[in-house]
Amino acid sequence: MNPTGLIKNSLAHLLENNRAWSKNVSTSRPTFFPNLAQQQNPEYMWIGCADSRVPANELIGLLPGEVFVHRNVANILPHSDLNSLSAMQYAIDVLQVKHIIICGHYGCGGITAVFQNRRVGLVDNWLRHIHDIKQKYTAVLNSQTSDHQSIDRLCELNVIEQVKNAAQNTVIQDAWARGQSVTIHGWIYNLHDGLLHSLGLEVSQWEDFEQQYEQAMQAISTCA
Ligand code: CO
C-alpha cells in the first residue's frame with residue numbers, strides 16, 4: 001500500500017503479481033518462506049548477462065534460495081572488477097557453493113555492438129573487455145561464413161575467456177589451495193529454443209582449463 005495514500009502506484013500490477021506469487025508458494029509449501037528467512041544455502045552460483053531474456057532461476061528450474069546470482073552486461077569477469085570478485089568471494093567463502101556457472105547467450109546486445117563497432121555510451125568502456133577478446137580471436141571470427149556466425153562465436157569465446165578469468169582470480173585460487181571443491185562451468189544459452197549448452201569446460205583446478213581449452217575451442221561451432 002502507498003504510505004502517503006496520495007500517489008497512485010503505477011507499478012501496482014507488479015505488486016499484485018507478487019502478492020499472488022507469495023500466496024501461491026505459501027499455500028503449496030507452507031514452510032518455504034519461514035525456512036528461507038533463516039538462511040540461504042545455495043549449491044550453485046550463476047554468473048550471467050543482465051539481459052532480461054536470460055533469467056537464471058527460471059532457466060535451470062531452481063527456486064529462491066537455490067542459486068546465488070551475479071549478472072552484468074555481457075557476463076564479464078574483469079580481473080579488477082570488485083563487484084563480480086566480491087560476489088564470487090561471498091559465494092565461495094561464506095555460502096560454500098560447489099559450482100559456478102558462467103553462462104553467456106547468443107544474440108547478446110553488448111557483444112553484437114562490439115562486433116559491429118557500434119557506440120552505445122558509457123557501457124562501451126565496460127565492453128572494451130569484449131573488444132580485447134575480438135582482437136585476440138580475429139582469425140577465428142574471420143573464418144566464419146557470416147557476421148551472424150561470427151557474433152555467435154564471439155559470444156562463445158567470451159564465455160571461455162571468462163571461465164579463464166574466474167579460474168585465475170585469488171578467490172578461487174585460494175579456495176582450491178585449501179582443498180575446497182569448486183567447479184567452474186562454461187555454458188551458453190540459445191534464445192531461440194530456450195536451451196542451455198555446455199561449452200565443454202568443467203574446471204576444478206587450473207590445470208583443467210589448460211587441458212580443456214583446445215577441445216572447447218574446437219567444439220564451439222557445434223552449439224549454435
Ligand atoms: Co547479453
Side-chain angles (χ1 to χ4, degrees), residues 42 44-62 67-88 91 97 99-138 140-142 144 146-169 184-203 216-217 219-224:
Y44 314 95
M45 177 182 192
W46 172 282
I47 298 174
C49 185
D51 192 304
S52 63
R53 299 166 294 181
V54 194
N57 286 68
E58 284 89 335
L59 299 193
I60 48 180
L62 294 183
V67 57
F68 186 73
V69 176
H70 175 82
R71 291 167 68 182
N72 62 39
V73 174
N75 44 275
I76 309 173
L77 298 174
H79 296 309
S80 59
D81 173 40
L82 281 181
N83 189 357
S84 56
L85 284 173
S86 300
M88 273 188 72
V97 298
H99 302 276
I100 296 178
I101 298 158
I102 299 178
C103 188
H105 69 101
Y106 296 118
C108 182
I111 290 175
T112 302
V114 168
F115 183 79
Q116 297 172 340
N117 284 316
R118 195 157 34 83
R119 287 289 304 271
V120 181
L122 177 70
V123 72
D124 299 333
N125 298 285
W126 176 253
L127 292 171
R128 278 310 312 176
H129 298 289
I130 304 289
H131 277 279
D132 293 343
I133 296 168
K134 181 186 169 191
Q135 204 163 16
K136 178 176 175 180
Y137 293 101
T138 303
V140 176
L141 299 174
N142 286 349
Q144 303 300 308
S146 68
D147 284 359
H148 181 78
Q149 281 193 1
S150 298
I151 293 167
D152 283 351
R153 296 296 84 72
L154 190 52
C155 292
E156 295 160 343
L157 290 164
N158 180 42
V159 172
I160 292 172
E161 288 294 308
Q162 302 317 321
V163 168
K164 182 184 177 187
N165 284 0
Q168 287 177 328
N169 68 49
I184 307 166
H185 306 255
W187 289 1
I188 193 146
Y189 177 69
N190 192 333
L191 297 169
H192 294 284
D193 58 13
L195 295 176
L196 290 159
H197 298 274
S198 167
L199 290 173
L201 292 169
E202 291 193 1
V203 179
M217 285 299 294
I220 54 173
S221 59
T222 61
C223 295

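In this text, all values refer to a predicted model and were calculated from it rather than measured experimentally. Read the numbers this way: they start at 1 and go in the same order the structure lists the ligands and their atoms.
- Of all protein N/O/S atoms, those lying under 2.8 Å from the Co ion (ligand 1) come to 3.
- Within 6.0 Å of CD on Q116 lie more than 12 heavy atoms contributed by other residues, nucleotides or ligands.
- No more than 12 heavy atoms of other residues, nucleotides or ligands sit less than 6.0 Å from atom NE2 of H148.
- The aromatic rings of W187 and W46 sit perpendicular, their planes meeting at an angle over 60°, well past the 30° parallel limit.
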Before giving the answer on side chain to side chain contact (heavy atoms under 4.5 Å, CB included), spell out for H105 and D51 the whole-Å C-alpha distance, their side-chain angles and the decisive distance to 0.1 Å. CA-CA 9 Å; H105 69 101; D51 192 304; 3.2 Å; yes
What's the verdict on side chain to side chain contact (heavy atoms under 4.5 Å, CB included) for V140 and M217, showing C-alpha distance, side-chain angles and the deciding distance? CA-CA 9 Å; V140 176; M217 285 299 294; 4.1 Å; yes
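- Across all non-hydrogen atoms, the minimal contact from L141 to L154 is CD2-N, 3.9 Å.
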